[in-house]
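Right, one structure below, let's go through it.
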Amino acid sequence: LAKTTQPISMDSYEGQEVNITCSHNNIATNDYITWYQQFPSQGPRFIIQGYKTKVTNEVASLFIPADRKSSTLSLPRVSLSDTAVYYCLVGATTDSWGKLQFGAGTQVVVTP
Amino acid sequence: NAGVTQTPKFQVLKTGQSMTLQCAQDMNHEYMSWYRQDPGMGLRLIHYSVGAGITDQGEVPNGYNVSRSTTEDFPLRLLSAAPSQTSVYFCASSYSSGTAGTGELFFGEGSRLTVL
């Protein structure tokens, strides 16, 4: 599976846009990119997934360039409640969950 | 619909004691797994199951046992607890076992274990 690299932490103020970039230089043709969010004292939860170009939902947007060697999770107009750890995962449709790896994630801290 | 339920939420053990962390899901999910989370290390897979009667080891299985007798339940057993097993444990499930790349994991709230 493609390994991922993310920044350890990012700080932001309320109302700003936060962009977290994940590098996955060895991504394979069949790999998808998935992001999870984890609030303190809670389990992670799925927020967005994509294969190429741009995906948007009510929580975030995911930008994937043509070479797919990186991806950027964009959180628009963050609030204090967006303080969390964000994980980037890469895996193929046919991969077993047993081979999917969570990295250390990116700690996002939003302050007033 | 409760999702993934873990019990207990907190537990303190002495070295050498045994215990079982319970995990139950009511979504009829095929796949269930246990992760441990230590500070600064993300989540590491302990054991997983792709269906009743089938289990397999993850990245860090030593010191832990699992079984899957029903679709709903996936208990994690610590036979002889050690301080190195102090951690937060998360149970997760997913509808399909073989589509990690496009599937979604549903996590429980976690069980915080301290081994003295």
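Quick note on labels: first sequence line is chain A, next is B, and so on, each numbered from 1.
- When each of B/Ser94, B/Gly110, B/Gly108, B/Ser33 is checked for heavy-atom pairs under 4.5 Å with chain A, B/Ser94 comes out on top.
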Might you work through the ring-ring contact (aromatic ring centres under 6.0 Å, His included) test for B/His29 and B/Phe106, ending with a clear yes or no? CA-CA 10 Å; B/His29 281 174; B/Phe106 293 82; 5.3 Å; yes
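- Not less than 6.0 angstrom separates the ring centroid of B/Tyr35 from the ring centroid of B/Phe90.
- Of the listed residues B/Leu45, B/Asp56, B/Leu105, the one with more heavy-atom pairs under 4.5 angstrom with chain A than any other is B/Leu105.
- Ring-plane geometry between B/Tyr31 and B/Tyr48 is classed as tilted, the angle between the planes lying from 30 to 60 degrees on a 0 to 90 degree scale.
- With salt bridges taken as basic N to acidic carboxylate O contacts below 4.0 Å, none links A/Arg68 and A/Asp31.
- Within the 3.5 Å criterion, the main-chain N or O of A/Pro7 finds a donor-acceptor partner in the side chain of A/Thr106.
- Contact of B/Gln57 with chain A is not made at all, since no heavy-atom distance falls under 4.5 Å.
- Heavy-atom distances place no part of A/Gln107 under 4.5 Å from chain B, backbone and side chain included.
- For A/Gln49, the part sitting under 4.5 Å from any heavy atom of chain B is the side chain, from C-beta outward, and nothing else.
- Contact of A/Tyr51 with chain B is not made at all, since no heavy-atom distance falls under 4.5 Å.
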